[in-house]
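Step one of this worksheet: look at the structure below.
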Amino acid sequence: MDWGKLRFFLGEVFANFTRNAGMQFTAIGTVAVTIVLLGSFLYVRETIQTFGTGVLSQIEIVVFLKDGVSDAKAKDLAALLAADPRVAKATYVPKAAGIKRMQEVLGKDFDTSLLTSNPLPNAYHVRVKNADDVPAVAKKIARDPRVAKADYAADTVQKLLKTAAVLGRAGIALIALLSISAAIVIANTIRLTVFARRREIAIMQLVGATNMYIRLPFIAEGMLAGVLGAAVAIGVLALAQAQVVPKLAQTLAFVSFHVDALTLCLELLAVGAAVGIIAAWLSVGRYLRT
Amino acid sequence: MDWGKLRFFLGEVFANFTRNAGMQFTAIGTVAVTIVLLGSFLYVRETIQTFGTGVLSQIEIVVFLKDGVSDAKAKDLAALLAADPRVAKATYVPKAAGIKRMQEVLGKDFDTSLLTSNPLPNAYHVRVKNADDVPAVAKKIARDPRVAKADYAADTVQKLLKTAAVLGRAGIALIALLSISAAIVIANTIRLTVFARRREIAIMQLVGATNMYIRLPFIAEGMLAGVLGAAVAIGVLALAQAQVVPKLAQTLAFVSFHVDALTLCLELLAVGAAVGIIAAWLSVGRYLRT
Amino acid sequence: MIKLRGVSLVYPNGTRALDDVDLEIEKGSFVFLVGHSGTGKSSLLKLLYREEFPSDGEVIVDGIRVDTLRRGKVPKLRRNIGVVFQDFKLLSHKTVWENVAFALQVTGTRTRDVMRMVPRALDLVGLSHKSRMFPSELSGGEQQRTAIARALVGNPKLLLCDEPTGNLDPSNTTEIMELLQRVNLKGTTVVVATHNQAVVDRMRRRVVRLEHGKILHDDERGYYFRGLGQTAVLPG
Amino acid sequence: MIKLRGVSLVYPNGTRALDDVDLEIEKGSFVFLVGHSGTGKSSLLKLLYREEFPSDGEVIVDGIRVDTLRRGKVPKLRRNIGVVFQDFKLLSHKTVWENVAFALQVTGTRTRDVMRMVPRALDLVGLSHKSRMFPSELSGGEQQRTAIARALVGNPKLLLCDEPTGNLDPSNTTEIMELLQRVNLKGTTVVVATHNQAVVDRMRRRVVRLEHGKILHDDERGYYFRGLGQTAVLPG
Ligand SMILES: Nc1ncnc2c1ncn2[C@@H]1O[C@H](COP(=O)(O)OP(=O)(O)OP(=O)(O)O)[C@@H](O)[C@H]1O
Ligand SMILES: Nc1ncnc2c1ncn2[C@@H]1O[C@H](COP(=O)(O)OP(=O)(O)OP(=O)(O)O)[C@@H](O)[C@H]1O
Ligand SMILES: [Mg+2]
Ligand SMILES: [Mg+2]
């Protein structure tokens with residue numbers, strides 16, 4: 001490809017773009033809007049997921065030791081627990097600490113003076129890395145001879161896990177729905193911009209242009225519309241993040257708002273460009289067939 | 001308006017529609033997709049809200065009675081509690097029931113045989129209608145001479161209320177974002193369909209058509225595209241609801257999935273029609289000015 | 001019927017299409033507008049139905065100051081003027097019948113009258129058999145005749161024809177010119193911009209020749225080339 | 001150069017535009033195609049560059065079976081044929097210069113050559129001063145000449161002109177016809193569909209007359225009306 005032709009091609013793309021500025025801005029606007037939506041929901045989903053992971057990581061297995069187990073032997077168990085790769089943390093909670101924690105949970109009205117002795121056994125509080133592993137880990141621990149019982153809020157864990165699973169799948173479904181919608185909307189928009197120039201396409205064919213020759217500028221334009229739309233969207237999202245997230249983070253200090261922005265941006269740009277290109281290719285093809 | 005003209009007008013609309021079928025289907029597709037999105041998120045939001053209300057309604061104020069208060073006197077308190085319009089339900093929980101509940105919460109390893117006597121006071125468990133009222137109600141109850149303490153999981157309630165408030169606002173913001181996006185996308189789409197026929201508009205003007213005469217068929221078309229798009233969307237949503245919701249309801253039995261479908265449908269249809277009409281009006285206006 | 005006073009037209013790109021033109025055309029007359037390609041004939045016609053605004057001067061049509069006419073009144077002006085556009089300007093999504101009918105419908109003509117007038121107009125230009133076709137299904141000459149039918153159908157007071165026979169064969173041309181003559185006899189003022197020397201020379205009507213946006217000469221009963229009948233010399 | 005054998009063309013709406021046409025045109029010849037409006041002239045030309053397919057018969061251009069040509073090879077065919085379309089078919093978003101250049105660029109002509117050839121072509125049709133304008137800023141005749149420049153610029157083997165002077169004044173018409181003659185002398189086969197009696201009668205070239213989709217007569221050195229020179233009778 002000689003330099004003149006490349007220049008011609010780029011000039012072509014630029015001229016087409018500026019000479020249809022109104023139409024192109026409309027298209028870019030649509031792309032931007034859909035990508036802002038997509039970006040927002042990716043962000044929200046990531047946040048919810050992080051939050052969910054945080055909640056699930058709070059689940060504890062309470063391991064009650066048998067009454068006769070000595071403190072030394074009990075501490076031995078720690079090594080065993082730590083050896084399990086699924087376990088994140090195991091904290092030893094002797095009777096005394098246990099009753100304190102219980103009082104915290106129940107409020108100050110749990111009158112400890114009424115107790116003749118501590119009704120609680122020594123215990124380990126075990127946190128696992130992945131909430132899904134809770135039942136298996138609990139079962140395994142329960143088999144240890146020193147352990148009286150390995151317990152967890154089975155009902156709550158079940159509910160949480162189910163909810164997390166459903167939310168996770170719903171999130172993926174919604175993102176998929178949104179992605180497909182965005183793709184359709186962008187593709188339709190680009191198809192309409194091509195439709196508005198179907199006469200030009202027919203003329204180009206009659207003058208002897210090959211299909212590829214006709215297609216290329218349209219594809220470049222589709223890509224440009226996609227990329228510019230995505231860029232605008234990223235700008236809007238960045239602005240929104242800078243404005244909104246700090247306020248949210250302040251209010252909901254217990255939710256994590258960290259999202260890998262660069263990857264997200266690149267993804268959105270890639271989506272814009274890819275959809276633009278594919279839509280332009282297909283749309284022009286439709287008018288080339290006649 | 002004589003019958004011939006009305007027929008002509010409707011014929012006009014129908015002819016324009018069918019003679020630009022490809023373009024119109026593209027537009028309808030876009031409208032449908034955006035309205036499916038809007039509908040899905042309205043649905044999800046409604047579900048989350050119902051779920052949230054359910055969670056919040058679980059919050060209890062535990063009212064511990066003073067030690068000396070007789071059972072009869074304690075039961076008197078019920079009338080007082082019930083009189084407060086903010087209170088949804090007040091359940092009397094005598095000592096005996098209290099220890100049982102405690103055991104349920106703590107698991108079977110809370111060894112009751114170690115207790116010389118019941119360390120818990122008699123209590124009322126009070127639920128309020130609106131979680132926001134919890135602190136105020138608790139404070140008021142605490143002032144009663146029979147009451148030793150009116151307690152609630154202050155920390156948790158605070159967190160829940162904050163989260164609910166933020167989620168509520170975030171939901172409104174997202175729906176607003178989505179609605180505006182849908183409106184922009186639909187409007188842009190209709191603008192592109194008008195753009196594709198700007199030459200026709202110019203000719204009509206040159207032949208002596210008034211602006212209103214040119215506009216009307218476009219507006220009717222815009223409305224038609226909006227309504228048909230919305231109708232397709234509602235069909236898709238209904239299908240999705242029939243397919244997906246029962247499965248979800250089964251998995252997440254504790255979440256309510258009831259949404260007022262008819263209102264939602266009418267809203268979506270209205271949105272489609274309104275945006276179509278306004279977009280057509282404005283878009284045609286742009287080409288009438290020249 | 002038509003009065004131009006000191007009219008100039010400079011397009012946004014700087015092209016001076018008309019330069020201080022004074023022209024008066026009486027009600028009921030028949031005028032040819034001739035001149036080289038790009039000399040301002042179409043531009044002059046465009047001023048009359050307000051597709052363009054004069055940069056200078058006054059344009060009066062049927063007693064109405066067209067150049068300062070309020071926008072809302074333009075449709076009414078245009079309904080009294082039939083225009084055969086040089087590039088036809090047919091509505092591509094309407095059939096021949098619908099294109100012609102459209103010019104009536106915009107004036108609020110009753111449907112009954114539309115049903116009567118459209119076939120007559122199509123018959124006059126010999127297109128009755130093509131009434132259900134779309135412009136893209138017509139030959140060049142058929143499109144041109146559709147445009148003529150549309151301009152005629154409403155019995156306008158003023159008929160502007162921009163190169164109305166450029167795509168017609170001699171016999172069709174003759175028929176159309178005879179049609180225009182008949183329309184003129186019924187009282188319509190007719191202005192025809194044309195390059196067709198044969199037509200102009202045969203009809204011997206008023207001929208206004210433009211040159212570089214100015215009126216070069218203006219002859220009652222003139223020829224296409226001043227003083228030279230068609231049988232004489234052709235340039236080149 | 002061109003061979004039609006038993007060619008018929010029936011459009012999807014049922015119109016029979018060409019009916020069993022046999023026609024042979026030698027390399028380097030200059031042929032006029034005449035006939036009434038709607039008689040099939042444009043349709044015949046459209047078959048040659050494959051805008052339309054014959055319903056029957058064979059179309060051969062420069063030794064190539066056009067009607068059965070693979071779709072991928074059509075662009076190459078069209079690059080060897082310059083076409084002046086009856087409705088110009090200019091690209092509205094390109095300037096005059098770009099429209100003319102486009103015909104070269106699609107053939108892969110080097111930019112250097114494009115820069116040299118386009119101005120020459122524009123000069124030949126007298127449009128150098130309008131090269132930066134868009135079609136919408138041109139008069140009808142200027143648009144037509146742009147279309148002619150585009151058809152000529154690539155020195156095609158075959159030049160098809162569909163009513164190329166319908167919007168041109170007599171002197172411009174003469175110039176364009178002389179231009180076509182010069183192009184023909186350099187070896188290009190030229191086919192001109194026209195209604196311009198004066199042009200046909202002056203040039204005295206081969207005249208093929210179509211009537212209702214059939215070839216009515218075919219005269220070497222003919223007149224527009226068989227046997228009648230232009231100075232004689234005009235119909236009507
Ligand atoms: N919209 C426009 N913008 C800019 N210049 C224009 C425009 N329309 C016409 N012109 C220029 O104005 C001049 C007069 O154009 P006009 O169309 O009036 O010519 P004409 O006499 O009708 O020519 P023809 O016989 O070729 O139709 C030409 O030089 C043309 O290029
Ligand atoms: N795309 C089409 N679909 C259907 N019918 C068509 C189509 N194009 C042309 N026709 C019809 O075919 C016939 C021949 O048309 P064609 O364009 O070849 O005529 P022509 O000789 O070029 O006429 P003119 O001198 O008016 O340009 C006409 O009756 C016309 O209505
Ligand atoms: Mg003109
Ligand atoms: Mg033709």
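In what follows, chains are A, B, ... by sequence order, proteins preceding strands, each numbered from 1. Note that the structure is a prediction, hence the values are computed from the model and not measured.
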message: Counting only non-hydrogen atoms closer than 4.5 Å, does A/V244 touch chain B with its backbone (N, CA, C, O), its side chain (CB onward), both, or neither?
response: neither
task: Sort B/V62 into side chain, backbone, both or neither according to what part of it lies under 4.5 angstrom from a heavy atom of chain A.
output: neither
field: Any side-chain heavy-atom pair of A/L192 and B/F195 under 4.5 Å
entry: no
query: If you tally heavy-atom pairs under 4.5 Å against chain A, which of B/S181, B/A187, B/A196 wins?
result: B/S181
query: Side chains of B/L177 and A/S40: does their closest heavy-atom pair fall under 4.5 Å?
result: yes
- prompt: Measuring heavy-atom distances to chain B, does A/F25 have an atom under 4.5 Å in its side chain, in its backbone, in both, or in neither?
  reply: neither
field: Flag side-chain contact, heavy atom, 4.5 Å: A/N188 against B/T189
entry: no
task: Kindly indicate whether the side chain of B/T30, heavy atoms from C-beta on, has any atom under 4.5 Å from the side chain of A/I184.
output: no
